[in-house]
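These notes concern the structure reproduced below.
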Amino acid sequence: MRHLLRPAPLYLLLTYAALSAIPFFPMLLGKRLDRPWQVLGIEAVAWVAVWALFKRPAWFHWLLIPAFLALPTELYLFSFYGQSISTHHLGIIAETSPKEALEFLGKTVWLMLAVMAAVIAWWVTSFQAARRARDLDWDDGSRWLTLGLLAIGAGLWAYGHEFGVAPRAPATSAAPAAGKAPASASKAGAGAAWTGWKSAPLPHWAVLPLEFGAFAQTWPFGITARGVDFYKERKHLASLVQRNSHFRFGAHQAAPDTEPEIVVMVLGESSRFDRWSLNGYARETNPLLGKETKLVTLPDVVTSVSATRLSVPVIISRKPATQSLKDGFAEKSFLTAYKEAGFKTYWLSNQISFGEFDTPVSVFAKEAEVIQFLNLGGFTNSSNFDEILFDPLRNAIADPAPKKLIVLHSLGSHWNYSQRYPKQFDRWQPSLFGIDKPVYSNPALKTQLNNSYDSTILYTDWFLASVIGQLKASQQRSAMLYVSDHGQALYDNSCKLAFHGHNTQYDFHVPALLWYSDQYQARYPGKVEQLRRHRGARLATENMFHTLLDLADIRYPGERLEWSFVNPGFRQHKRYVDSYGWSDYDNATFKGDCREVIDKGTPLKRDK
């Protein structure tokens with residue numbers, strides 16, 4: 001064993017030990033790691049497997065490049081978001097351009113580059129050590145024995161994967177009733193059946209204690225499992241576009257007429273409920289909307305998850321909140337239902353367009369008959385203000401089609417806040433205006449950050465009031481529903497969190513409102529009455545799909561009118577948010593100044 005203490009072998013073994021310790025990093029931050037012993041055991045078996053297969057560390061060290069390169073991101077996510085790289089994060093990386101990434105990181109990009117350079121240097125020096133550490137070559141008879149055992153294990157796994165796994169034996173030895181199989185034996189785990197061969201399922205006692213989720217938690221080899229999962233999700237997403245191309249709601253207006261009708265859905269971005277003066281905020285951030293007599297605010301709306309690509313599909317489709325972490329959905333959005341009911345549909349966006357990978361939002365946007373992505377500058381200081389949507393909106397309103405659904409996807413309060421509004425809206429000082437590449441993660445900018453954020457709400461007030469002004473000017477039957485995709489943490493009191501993606505009340509509690517015209521009220525007085533009756537109800541973004549269709553009196557098989565807050569059949573439902581699993585928001589406490597959502601019971605398990 002003394003040869004292991006030589007510099008090259010010792011450095012290499014310490015490197016591998018450090019990589020293997022990455023999944024346990026959250027424990028240093030006081031957080032719990034699921035299945036720690038299983039993770040440790042899988043890591044040990046994985047190291048033995050690659051060592052036995054390749055014999056020399058120098059011959060498998062190349063396989064560790066992805067893990068080395070992903071290491072800074074993994075530690076960053078652990079430190080600031082309490083989670084490891086997932087399919088969701090890989091999707092964000094795939095959909096984010098280098099320019100957007102540089103804007104997001106700000107000056108910390110230099111720190112990230114320095115860390116990345118150090119990681120690359122670490123890989124190079126450890127590779128050199130692997131080439132010199134010939135004492136670590138595995139060339140005795142035990143290697144072949146190990147390979148044999150691994151082959152048996154791989155064979156068992158492949159057999160179970162192909163032919164399925166028999167259920168666990170029943171707990172009781174009592175014989176079942178005649179002609180009746182025990183419930184636990186009535187169904188075996190289904191196999192992949194790729195070969196088409198027939199064979200008995202693998203006995204349950206022969207199943208290896210290897211779970212895909214546990215393997216994905218490991219490091220460095222688990223990153224490959226996450227990559228495979230990401231590939232499957234992307235393939236699934238692409239197939240959904242094709243598969244749901246034949247999906248139909250069978251929707252129609254209950255009592256159609258020939259009068260022009262316009263429904264506008266405004267998707268907000270990163271807006272917080274408690275920063276709107278309409279909702280009681282001390283600063284006058286809504287001077288224009290506050291004058292609208294036919295505007296109803298919805299003070300108790302929560303979003304299930306605080307990320308645009310995951311929250312918007314829940315708003316615009318029937319996708320359940322507890323499935324929001326999964327890419328794709330087998331159904332289409334309200335755009336298709338409106339089209340079926342005879343409406344011309346528009347998707348007018350000030351967000352980024354389709355990339356190499358179709359984002360979950362873009363997949364739904366493709367359903368519209370008129371699609372315009374107007375923000376060529378992404379989220380940078382060269383991006384357009386939301387008022388870029390006014391001309392396309394004006395054209396849509398003037399379209400001779402009598403029935404129209406218009407979706408406006410705004411940039412709202414997306415970071416960098418000072419780049420979301422013109423200088424004349426920079427009301428509260430000091431602000432982020434004039435600061436070159438501010439970084440949201442810098443607490444020293446708390447005052448400037450909050451002042452500029454409030455100015456984004458002031459600009460949103462003007463934007464929405466202008467949309468209402470266009471609808472009023474049309475003198476047509478019209479309604480506008482606004483809801484934000486998620487909120488934002490802003491270093492509240494002693495809280496050290498900013499931005500979104502956390503599990504705080506500030507992330508989940510979002511502003512929402514509904515405006516209607518005189519002509520709309522004359523046509524649908526009952527809906528207006530129900531809207532005002534239910535304005536204080538506990539709502540979630542899941543309610544928006546059902547309410548938006550009900551606004552235009554659109555009916556379809558399987559409708560859930562009890563989820564429409566403009567319907568007399570409305571009923572409140574359980575609201576889940578992504579906080580340590582799916583937490584019941586209305587059975588939760590709000591911890592500390594961050595108001596972290598903590599379920600009083602046991603949160604439901606995430607299904608990713």
Quiz item: Just by distance, do the side chain of Ser431 and the backbone of Ser452 share a donor-acceptor pair under 3.5 Å?
Solution: no

Quiz item: Taking side chain as C-beta onward, heavy atoms only, is Arg427 less than 4.5 Å from Arg283?
Solution: no

Quiz item: Ignoring hydrogens and geometry, is there a side-chain-to-backbone donor-acceptor pair from Thr541 to Ile315 under 3.5 Å?
Solution: no

Self-check item: Side-chain ion pair, Arg595 and Asp492, N-O less than 4.0 Å
Solution: no

Quiz item: Backbone N or O of Leu267 within a donor-acceptor pair of the Ser410 side chain at under 3.5 Å?
Solution: yes

Exercise. Identify whether the distance between the nearest side-chain nitrogen and carboxylate oxygen of Asp300 and Arg575 falls below 4.0 Å.
Key: yes

Quiz item: Are Thr460 and Trp276 linked by a side-chain donor-acceptor pair shorter than 3.5 Å?
Solution: no

Quiz item: Taking only residues two or more places apart in sequence, or in another chain, which ones meet Tyr516 in a side-chain hydrogen bond (donor to acceptor under 3.5 Å, both in side chains)?
Solution: Arg532

Practice problem: Determine, step by step, whether Ile554 and Phe334 satisfy the side-chain contact (heavy atoms from CB on, under 4.5 Å) criterion, reporting the C-alpha distance in whole Å, the side-chain angles of both residues, the deciding distance to 0.1 Å, and the verdict. | Solution: CA-CA 10 Å; Ile554 294 175; Phe334 57 62; over 6 Å; no

Self-check item: Pairwise distance CG(Asp461) to NZ(Lys291) - rounded to 0.5 angstrom
Solution: 9.5 Å

Quiz item: CZ/Phe508 to NE2/His486 distance, rounded to the nearest 0.5 angstrom?
Solution: 11.0 Å

Quiz item: Short question: side chain of Arg535, backbone of Val296 - any donor-acceptor pair under 3.5 Å?
Solution: no

Quiz item: Does the side chain of Phe590 come within less than 4.5 Å of Tyr585's, by heavy atoms?
Solution: yes

Quiz prompt | Pairs satisfying salt bridge (charged side-chain N to carboxylate O under 4.0 Å, His left out), at least one member in residues 500-517, at least two apart | solution = none

Exercise. Could you list the residues that satisfy salt bridge (charged side-chain N to carboxylate O under 4.0 Å, His left out) with Glu292, not counting sequence neighbours?
Key: Lys472

Quiz item: Between Asp399 and Lys404, is there a salt bridge with N-O shorter than 4.0 Å?
Solution: no

Quiz item: So, the side chain of Lys332 versus the backbone of Ser317: is there a donor-acceptor pair under 3.5 Å, distance only?
Solution: no

Quiz item: Do you know which two heavy atoms are closest between Ser579 and Asn503, and how far apart they sit?
Solution: OG-ND2, 3.0 Å

Practice problem: Enumerate the residue pairs fulfilling side chain to side chain donor-acceptor pair (under 3.5 Å) with a member in residues 251-263, sequence neighbours excluded, ordered by first and then second residue. | Solution: Gln253-Glu261, Asp257-Lys403, Asp257-Arg477, Glu261-Lys403, Glu261-Arg477, Glu261-Tyr524

Self-check item: Atom of Asn350, atom of Leu411 and distance for their closest heavy-atom approach
Solution: O-CG, 3.2 Å

Exercise. Name the orientation class of the two ring planes belonging to His534 and Phe570 (parallel below 30°, tilted from 30 to 60°, perpendicular beyond 60°).
Key: tilted

Quiz item: Atom CZ in Phe545, atom CD1 in Ile316: separation rounded to 0.5 Å?
Solution: 10.0 Å

Quiz prompt | Residues forming a salt bridge (charged side-chain N to carboxylate O under 4.0 Å, His left out) with Arg394, sequence neighbours excluded | solution = Asp391

Quiz item: So, does Ser455 use its side chain to make a donor-acceptor pair with the main chain of Phe425 at under 3.5 Å?
Solution: yes

Practice problem: Report the relative orientation of the aromatic rings in His500 and His414; use parallel for angles under 30°, tilted for 30 to 60°, perpendicular for over 60°. | Solution: perpendicular

Exercise. Please report the closest heavy-atom contact between Thr308 and Pro313, naming both atoms and the distance.
Key: O-CD, 4.0 Å

Quiz item: Please, which pairs that meet side chain to side chain donor-acceptor pair (under 3.5 Å) have at least one residue in residues 554-570, sequence neighbours excluded?
Solution: Asp550-Arg555, Asp550-Ser564, Asp550-Asn567, Asp553-Arg555, Arg560-Glu562

Quiz item: Under the salt bridge (charged side-chain N to carboxylate O under 4.0 Å, His left out) rule, what pairs show up with a residue in residues 478-487, not counting sequence neighbours?
Solution: none

Quiz item: Is any side-chain heavy atom of Tyr459 less than 4.5 Å from a side-chain heavy atom of Asp386?
Solution: yes

Quiz item: What distance do Phe433 atom CZ and Asn416 atom CG have between them, rounded to the nearest 0.5 Å?
Solution: 9.0 Å

Quiz item: Taking C-beta and beyond as the side chain, do Leu295 and Leu278 meet within less than 4.5 Å on heavy atoms?
Solution: yes

Quiz prompt | disulfide (SG to SG under 2.5 Å): pairs with one or both residues in residues 528-599, sequence neighbours excluded | solution = Cys495-Cys594

Quiz prompt | Any donor-acceptor pair under 3.5 Å from Thr322 side chain to Pro320 backbone | solution = no

Quiz item: With Arg533, which residues qualify under salt bridge (charged side-chain N to carboxylate O under 4.0 Å, His left out), at least two apart?
Solution: Glu529

Quiz item: Can Glu284 and Ser277 be counted as having a side-chain donor-acceptor contact under 3.5 angstrom?
Solution: yes

Self-check item: Interatomic spacing from CD1 in Ile457 to OG in Ser413 - rounded to 0.5 Å
Solution: 3.5 Å

Self-check item: Asn279 and Arg272 side chains, donor-acceptor separation under 3.5 Å
Solution: no

Exercise. Identify, with sequence neighbours excluded, every residue that meets salt bridge (charged side-chain N to carboxylate O under 4.0 Å, His left out) alongside Glu369.
Key: none

Quiz item: In terms of side-chain heavy atoms, does Tyr440 have a donor or acceptor partner in Gln488 at a distance below 3.5 Å?
Solution: no

Practice problem: For the pair Arg275 and Thr285, evaluate side-chain contact (heavy atoms from CB on, under 4.5 Å) and give the outcome as yes or no after the intermediate values. | Solution: CA-CA 7 Å; Arg275 293 303 179 95; Thr285 53; 5.7 Å; no

Exercise. Look at atom NZ of Lys574 and say whether more than 12 heavy atoms of other residues, nucleotides or ligands are closer to it than 6.0 Å.
Key: no

Exercise. Taking the side chain as every heavy atom from C-beta outward, state whether Leu497 and Glu596 have any atom pair closer than 4.5 Å.
Key: no

Quiz prompt | With Ser333 via side-chain hydrogen bond (donor to acceptor under 3.5 Å, both in side chains) - residues at least two apart | solution = Glu367

Self-check item: Working for side-chain contact (heavy atoms from CB on, under 4.5 Å), residues Tyr576 and Ser304
Solution: CA-CA 6 Å; Tyr576 289 107; Ser304 57; 5.9 Å; no

Quiz item: Any donor-acceptor pair under 3.5 Å linking the side chain of Thr345 with the backbone of Leu335?
Solution: no

Self-check item: Side-chain heavy-atom pair Trp347, Val361 within 4.5 angstrom cut-off
Solution: yes

Quiz prompt | Atom NZ of Lys605: over 12 foreign heavy atoms under 6.0 Å | solution = no

Self-check item: Between CZ on residue Phe273 and OG on residue Ser271, distance to nearest 0.5 Å
Solution: 11.0 Å

Quiz item: Looking only at atom types and distance, does a side-chain atom of Thr547 sit under 3.5 Å from a main-chain N or O of Met544, one as donor and one as acceptor?
Solution: no

Quiz item: So do Val467 and Trp515 actually touch side chain to side chain, heavy atoms under 4.5 Å?
Solution: no

Quiz item: Partners of Phe247 by ring pair (Phe, Tyr, Trp, His ring centres under 6.0 Å), sequence neighbours excluded?
Solution: Phe249

Quiz item: Any sub-3.5 Å donor-acceptor pair from Thr504's side-chain atoms to Tyr506's backbone N or O?
Solution: yes

Quiz item: Heavy atoms, side chains only, cut-off 4.5 Å: are Tyr281 and Asp454 in contact?
Solution: yes

